[in-house]
Structures are given as structure tokens and as C-alpha cells.
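Heads up, the thing below is written out as C-alpha cells.
Chain letters run A, B, ... following the sequence lines, proteins first and then strands; every chain starts at 1.
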Number of protein chains: 2
Amino acid sequence: MSGAAGPGANLTALRSHNAALVLRLLRDAGEGGVSRPELAGRTGLTPQAVSKITARLRAEGLLAEAGQRASTGGKPPTALRLVPDARHAIGLQLDRDEVTAVLVDLAGTSVAARSAPFDFGAPAENALAAATAEVRALLADAAASGVVGGGTAAGGVAAAGGVVAGGGLLGVGVAAPGPLDHGSGVLHRVTGFPQWDGFPLRDALAERLALPVVLDKDTNAAALGLVTAGTAESAAYLHLGTGLGAGLVLGGAVYRGARTDAGEFGHQVIQLDGPPCDCGNNGCLEALCLAAVARGDRKDAARLLGVGATNLVRLLDIDRVLLGGRMVLADPGPYVRGVAAMIAEDSDRASRPPVSVDVVERGERAVVEGAARLVLAPLFALG
Amino acid sequence: MSGAAGPGANLTALRSHNAALVLRLLRDAGEGGVSRPELAGRTGLTPQAVSKITARLRAEGLLAEAGQRASTGGKPPTALRLVPDARHAIGLQLDRDEVTAVLVDLAGTSVAARSAPFDFGAPAENALAAATAEVRALLADAAASGVVGGGTAAGGVAAAGGVVAGGGLLGVGVAAPGPLDHGSGVLHRVTGFPQWDGFPLRDALAERLALPVVLDKDTNAAALGLVTAGTAESAAYLHLGTGLGAGLVLGGAVYRGARTDAGEFGHQVIQLDGPPCDCGNNGCLEALCLAAVARGDRKDAARLLGVGATNLVRLLDIDRVLLGGRMVLADPGPYVRGVAAMIAEDSDRASRPPVSVDVVERGERAVVEGAARLVLAPLFALG
DNA sequence: CCACTTTGGCAACAGTGTTGCCAAAGTGCA
DNA sequence: TGCACTTTGGCAACACTGTTGCCAAAGTGG
């Protein structure tokens with residue numbers, strides 16, 4: 001069962017690693033750019049190595065000069081910045097009643113978007129056809145407006161069977177309700193939708209679209225959006241919608257667990273002998289929290305969510321908590337305040353540094369845009 | 001606050017990485033050894049690269065041939081095995097009333113051990129002197145019996161100021177009750193022992209012993225013992241002693257959290273408005289569990305521990321749960337059975353693969369020997 | 001105006017894993 | 001018994017990495 005024991009590294013892997021490191025720093029620096037000496041300092045590489053790496057990246061069109069910085073006593077440094085248009089990725093979100101697709105650039109900025117009604121309960125083939133059509137329509141929109149096609153012809157990923165003129169399309173990241181297997185791209189038994197159990201969604205989509213496809217849980221996709229710098233920080237995305245789940249960023253990477261099934265935040269028991277939950281246990285956080293929402297008591301729902309979040313913070317030493325999902329986005333105030341207050345109270349008592357609590361950025365779009373980042377992540381050595 | 005963004009990799013790092021990979025496979029293979037072709041297959045490196053790497057390691061004395069394997073239709077492969085005696089490490093456990101020290105070889109096998117009464121509440125300087133004396137005595141024992149000193153003179157780490165004749169001593173791993181900062185090696189406010197708050201234990205010991213020192217929480221040290229192969233498996237070590245804590249192995253590495261403070265398993269709330277806990281919250285698992293132990297109801301204690309463990313398994317997709325700590329080791333049966341039953345029941349309902357639940361191997365020694373592994377871990381790219 | 005610092009490229013270098021080639025040492029079939 | 005075949009593992013040449021040494025360009029500051 002032990003199989004391969006972690007990848008052996010060769011020179012190619014080394015180059016990719018360092019290139020990804022540099023790209024990540026450039027992406028996080030944004031429009032302002034970063035100078036070569038700064039890149040050298042942040043990566044620990046020699047200035048000369050950075051020069052070589054950036055020269056290669058510039059040849060691939062991923063990188064451009066962004067003017068001169070002020071001198072600090074010598075020759076003024078040249079700022080380098082990411083060329084966002086050099087590559088693009090598609091994010092696809094399959095929700096219970098809606099399908100959403102976005103086209104994002106290297107910086108993760110959305111440049112085109114579409115959504116349509118969707119029936120997750122339809123036969124798999126029909127649903128798949130609808131999703132595929134949505135992606136094709138998005139690409140047609142983008143081609144018409146000339147957004148895609150500007151990238152260099154280099155880069156390896158060829159045009160998608162004539163769907164897009166020109167290169168630069170890296171693939172499709174798909175976010176779906178869990179549980180599912182990220183490694184194999186197969187859906188498991190989604191509550192209420194048994195027809196998907198065992199369906200190889202990733203490969204089916206990849207074949208139809210002739211593009212690389214990555215599949216992950218919606219909560220993990222949103223969590224990926226939280227991974228910013230290469231710091232080893234930990235964050236949690238808590239999603240309160242039809243159910244209650246979490247996406248975990250631990251040590252600077254999305255944590256999926258051995259069977260890529262981690263994040264069942266909603267089914268932690270927080271009340272012994274509490275009311276029964278659909279899962280078969282008693283006193284699950286999800287059951288309590290959704291019941292509070294159902295009876296319109298947002299304050300109590302927030303308190304319950306706060307108890308769960310505090311457990312999470314203490315157990316995993318989390319730095320940042322982001323809230324999302326329809327229930328929260330409909331009226332974020334009480335949830336953010338309630339959860340923040342409970343965590344802050346606990347942190348004070350334990351004399352632990354404060355933990356930030358916020359609504360997830362770009363609320364409704366957090367999951368789709370995160371899905372697109374599933375494709376971009378390898379470029380930046382994130383994930 | 002972003003500082004350095006992950007290390008840039010150079011050729012030296014590449015070599016260390018691959019060497020560590022090979023050493024790890026050899027360690028896990030044990031006495032039987034592994035053949036070069038098998039190493040190549042498991043690492044993904046070319047056979048020729050493996051030959052070069054193993055030749056280097058053999059020159060350093062870390063590796064030896066271990067006879068021939070049966071042929072599979074051609075020249076019979078030569079098995080290679082780790083030379084456990086080539087290097088040694090010390091593990092030091094500071095407990096509330098006892099100090100324990102062990103000397104282990106590269107394979108993690110204990111070759112010498114000592115323990116003595118200890119007063120963790122004594123002034124820091126006195127306690128430090130006692131711990132130092134214990135390590136010196138252990139080294140004297142080992143030198144007298146000729147255990148240490150057989151290693152090659154090469155390897156960088158010189159003799160510890162005359163304490164040990166000959167080289168091969170890599171350093172000291174120290175396990176102490178949390179909370180503490182693994183990165184800086186400084187203790188925080190240990191409940192009931194305020195004199196340690198802010199004490200730089202790692203540097204103080206390193207200076208007195210003239211050896212590299214690594215400091216970590218006792219639960220993390222024990223968890224490190226669970227990291228075996230390079231698989232991305234996840235495991236949890238649950239420690240029920242004076243308090244209730246956890247050491248987490250996530251994705252094949254010990255998870256410490258941003259402030260190296262993760263694992264506060266005992267202070268998750270599992271009963272809303274339950275009895276108050278010392279930490280200020282109500283219904284903490286630790287308070288409930290210790291109360292059950294105090295009134296002699298091991299069955300209920302096991303049930304409560306099972307609730308917490310099930311929460312952990314669902315949240316983090318854990319494969320293996322190991323139980324330890326004085327309370328459990330005094331009578332493991334009820335705890336193992338109780339926790340196993342609760343997790344199994346939940347896994348069945350969720351049609352998830354079974355999770356193994358056991359007492360931690362080598363019970364009383366799990367923490368000290370894990371502490372020694374803190375020093376060995378970098379050699380095998382574990383941690 | 002000149003000494004000094006910082007930036008960033010060119011050329012030579014050390015050292016990695018890889019490829020091509022080949023000898024050694026078995027198995028298995030005619 | 002003989003011979004073709006497979007597997008093992010080392011030697012030499014190679015492609016490519018980041019590093020070092022050197023130097024020109026372009027600023028600052030006395």
C-alpha cells in the first residue's frame with residue numbers, strides 16, 4: 001500500500017519550483033511589480049539566478065518590465081510584473097440549481113462570466129451536456145470580445161479544438177458539492193443525488209472539452225482563494241448554505257486529507273445527546289445551526305457557528321476565518337460579529353493573538369473563481 | 001509581515017532532498033534492505049541516479065550492502081540497508097515529576113535510557129541543571145558500554161566537548177508540556193508553572209550541552225513517531241494524562257500550526273452550556289473527560305474521548321488514531337474499545353473506510369523516543 | 001567632479017541527474 | 001551443454017541547474 005514515496009527531484013523539478021516561486025511573488029505583488037534584488041532576497045536565491053529565471057519567464061511572455069523604481073543609492077532597480085493576459089483558466093461551479101462559469105487571467109481576475117439554471121438532479125449525461133455547453137458559450141463570448149487569444153503561442157497548451165483561437169488556455173477547474181475524490185476526479189454519493197455516485201466527472205469533462213480538468217469540492221475551491229503569499233499561514237473558509245462545510249488551508253496549502261474528504265466541519269458534535277442529525281449522530285453543529293437559521297434566529301446561528309469556529313481555531317491554530325455561503329451572504333453582519341466575538345473572547349482568555357473574521361471576498365464568486373485557481377495553482381506552486 | 005516566501009531550491013537542496021528520500025526508504029525497509037532498482041522505482045529517479053546517491057551515502061558510512069536477493073530472471077540485485085549505528089540522537093522528556101533521556105540510533109531504536117525524579121516547578125535554572133546532568137549521565141553510560149563512538153568521524157557534528165568519545169551524535173530533541181514555540185524554542189505559560197513563561201529552553205540547553213537542540217510539545221514528539229513511510233497519510237495521537245492534548249500528523253508531516261500551537265484537542269466544546277472548564281469555556285472535552293476519569297467511570301471517559309476523536313476524524317479525514325498518556329496506559333482496554341466503537345459506528349454510517357484505533361506503541365516511551373526523532377527527522381525529510 | 005553603491009549581464013565553473021554504452025551474472029529454453 | 005535473453009549496476013559523456021568572478025551602467029552624496 002506504500003507505493004511511491006514522495007517524488008524524487010530532478011533538475012526539471014528544480015527549475016519549475018524556482019520559476020513558480022518567482023511567479024508567485026510577482027503575482028502577489030500585483031501591478032506595482034517587484035525588483036530583481038527583492039526577488040533574490042525573498043527567495044534566498046542569488047541575484048544572478050534570479051536574472052536567469054526572470055529572463056526565461058520573460059521569453060515565455062509571462063513577465064514584463066514595469067518601469068524603474070527610485071534609487072536607494074545606486075542604479076535604480078527595474079520592477080518586474082506578471083503579464084496577466086499571458087494565460088487564462090476557466091472556473092466552473094456546479095451548484096444544486098445553477099451552473100456558473102468564469103474565465104480568469106493569471107492574476108486570478110475574472111475577465112468573463114456566465115451563469116445559467118442547472119438541475120443537479122438531472123441524469124448525469126444531461127447535466128454534463130449542460131455544463132459543457134456553458135463552458136463553450138463562455139469561450140465563444142470571450143473569443144468574440146477578443147479577450148483570449150492575445151497570449152503567446154508558446155506554453156504547451158494548444159487551442160481547445162477550435163473553441164478558442166490562439167493559445168494560453170490552461171484548463172478548467174470544477175467545483176462541485178462534496179463528497180468527491182479530488183485525486184481521481186470521481187464524485188461520491190452527494191446527499192439527495194444518488195445518480196452521481198461513482199461518476200468520473202473529471203475525465204468525462206476533459207474528453208468533451210479537450211482540455212485539462214481539475215475537480216474539487218466547492219469549499220476547497222473557495223479556500224484556495226485564501227492562499228496568498230508563500231507564508232505558512234492557516235485559514236478556514238466556513239460555508240453555510242444548504243449544509244455547513246469548511247475548506248481548510250493549513251500551512252499555506254489546501255488540506256484535503258488522505259481520501260481528499262477532509263472538511264466535514266458541519267458534523268462535529270457540539271452538544272452531547274443533542275437533537276438528531278441526518279448523518280445519524282446527535283448534536284451535530286450543522287443540524288443545530290440550520291435549525292437556528294430556519295427559525296430565523298440568526299444570532300443563535302452565529303453563536304453556534306462561533307462555537308464550531310473556536311474549536312477549529314484552538315485545534316488547528318488558525319490565523320484567519322472567512323465566512324461564505326448563501327445563508328451568510330444574505331445578511332453577513334450578525335454572523336461576522338457573532339463569530340468574531342466568540343473567537344476573540346476565547347483568544348483573550350488564552351492570551352493568543354487575535355484571529356481575523358471576515359466575509360469571504362467577492363462573496364458569490366468566491367467558489368467559481370477559486371475553481372479557476374485550481375488550474376492556476378500549479379504554476380505558482382500552490383495547492 | 002510576509003518575509004521570505006518559501007525557500008528557493010539550489011543544487012545542494014536537491015541533493016539533500018534525494019538523499020533523504022533514499023534514507024527514508026531504507027529506514028522503513030528495516031533489516032531486510034532494499035535493492036537499487038526498487039529504490040529507483042519508488043523515488044521515480046533513474047537507476048543511475050540511485051547508484052550515485054547510494055554511493056555517496058555509503059562513503060559517509062550511513063549505508064551498507066546486505067547480501068543478494070533472489071534473481072528475477074537476471075543478475076540478482078544487491079540489497080542495501082541503513083547502518084543504524086552510524087549516527088545517534090538523544091531524546092529528552094521533561095515531565096511534571098520526572099525527567100527521561102534516551103539515546104537512539106538512526107533507525108530510532110533505543111540503545112540506552114535513564115530517568116530520574118524531576119521537579120518542573122523548581123526554579124528554571126535548577127531544573128535546567130538537573131536536565132543537563134541527566135543527559136551527561138546518559139552519555140557517560142553509553143560511552144562506558146561502548147555504544148557510541150563507533151560511527152565514522154565524518155558527518156559534521158563533532159564530539160560534544162569531550163562528553164562523548166568519537167562522533168556521530170546529531171543533537172538533542174526535547175519534549176515538554178505545551179504551550180511552547182517550536183520555531184524559537186521558547187516555553188510559554190505552562191499551566192501551574194509560571195516561572196517558565198518566556199524561558200528560552202532550547203538555546204539554554206544547546207549552550208550547556210554544546211549540541212544542537214530541538215524543542216517541541218510532548219504530543220507532537222509522540223506524533224512524530226507515527227510518521228512512517230512517505231505516504232500522505234494522516235494520523236492523530238491523543239494524549240490523556242494530566243490534561244488532554246493531541247499531536248497531529250497531516251499529509252505525512254507533523255502539523256504544528258502557524259504559531260506552532262496546534263493540537264488543543266482537549267478544549268473543543270462538545271457540550272453547549274456544559275460544566276465550566278479551567279480555560280474559561282463551558283463543556284470542553286477535557287473537563288468532561290477528566291471528570292469521568294476522576295469518578296472512576298472509564299467507560300464514559302472513553303465515550304467522551306470517542307466523540308472528540310470522531311469529530312477529528314470527520315474534520316481531518318484521519319486514517320489512524322493512537323491513544324497514549326498515563327490515564328490510558330494504566331488500563332488501555334476500555335479506551336481503545338470505546339473510541340474504536342464510536343469511530344467505527346460513524347464510519348459505517350458515512351460508508352467511509354475503517355479507521356484503526358490502537359494504544360501507541362511502546363507506551364511509556366512514545367514521547368521520549370519521539371523527542372529523539374525530532375533530531376533525526378531532517379535526515380529523512382520528515383517532520 | 002569624483003568616490004561609492006547598487007543593479008544587472010556575460011563568461012567560466014562546480015555539481016546535479018540523465019543518457020548511451022557495456023560488462024557481469026543470473027534465468028530459461030533448445 | 002550451449003546460447004539467447006533479462007536484469008543489474010558502473011563508467012563516461014552530456015545537458016542543464018544555480019554559483020562565482022568580473023565588469024559596465026547608472027544612480028547618490030560629499
Closer than 4.0 Å, any side-chain N/O of [X] to the OP1 or OP2 of [N]?
{"X": "Thr46(A)", "N": "dG18(D)", "answer": "no"}
{"X": "Asn10(A)", "N": "dT16(C)", "answer": "no"}
{"X": "Ser71(B)", "N": "dT27(C)", "answer": "no"}
{"X": "Arg36(A)", "N": "dG9(C)", "answer": "yes"}
{"X": "Asn18(B)", "N": "dG17(C)", "answer": "yes"}
{"X": "Thr78(B)", "N": "dT8(D)", "answer": "no"}

Tell me, which of residues 49-56 of chain B have any heavy atom that sits under 4.0 Å from an atom in DNA chain D?
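Those residues are Ser51(B).
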
Give a yes or no on whether the backbone of Asp105(B) and the side-chain of Thr109(B) come within a donor-acceptor separation of less than 3.5 Å.
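The answer is no, because no donor-acceptor pair under 3.5 Å joins these two groups.
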
Check for a donor-acceptor pair, side chain of Arg202(A) on one end and backbone N or O of Gly183(A) on the other, with a separation under 3.5 Å.
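Between the backbone of Gly183(A) and the side chain of Arg202(A) there is a qualifying donor-acceptor contact (under 3.5 Å).
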
Map Leu11(A) and Arg58(A) onto DNA chain C by nearest heavy atom, then report which one ends up closer to the 5' terminus.
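With Leu11(A) and Arg58(A) compared, the 5'-side residue is Arg58(A).
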
Can you tell me how far [atom2] of [N] sits from [atom1] of [X], to the nearest Å?
{"X": "Gln48(A)", "N": "dA11(C)", "atom1": "CD", "atom2": "C1'", "result": "10 Å"}
{"X": "Leu45(B)", "N": "dT19(C)", "atom1": "CG", "atom2": "P", "result": "12 Å"}
{"X": "Glu65(A)", "N": "dT7(C)", "atom1": "CD", "atom2": "C1'", "result": "12 Å"}
{"X": "Arg69(A)", "N": "dT28(D)", "atom1": "CZ", "atom2": "C1'", "result": "18 Å"}

Using every non-hydrogen atom in the two residues, find where Leu376(A) and Ala89(A) come nearest and quote the distance to one decimal.
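Looking at all heavy atoms of both residues, the closest pair is CD2-CB, 3.7 Å.
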
Looking at every heavy atom in both Val172(B) and Leu209(B), which two are closest together, and how far apart are they?
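Closest approach of Val172(B) to Leu209(B): CG2-CD1, 4.1 Å.
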
Note, Leu26(A) side chain near Leu62(A) side chain (heavy atom, < 4.5 Å)
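Leu26(A) does not reach Leu62(A) side chain to side chain.
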
Might you work through the side chain to side chain contact (heavy atoms under 4.5 Å, CB included) test for Val34(A) and Val22(A), ending with a clear yes or no?
CA-CA 10 Å; Val34(A) 194; Val22(A) 169; over 6 Å; no

Touch check for Ser35(A), heavy atoms < 4.0 angstrom, all strands: base, sugar-phosphate only, or nothing?
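No contact.
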
In Watson-Crick or G-U wobble terms, both distances under 3.5 Å, what is the partner of dA25(D)?
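When the pairing criteria are applied, dT6(C) turns out to be the nucleotide that pairs with dA25(D).
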
Does Pro76(A) or Ala19(A) map to a spot on DNA chain D nearer the 5' end, using the closest nucleotide for each?
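Result: Ala19(A).
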
Among residues at least two apart in sequence or on other chains, which ones pass salt bridge (charged side-chain N to carboxylate O under 4.0 Å, His left out) with Arg56(A)?
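For Arg56(A) there are no salt bridge (charged side-chain N to carboxylate O under 4.0 Å, His left out) partners, ignoring immediate neighbours.
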
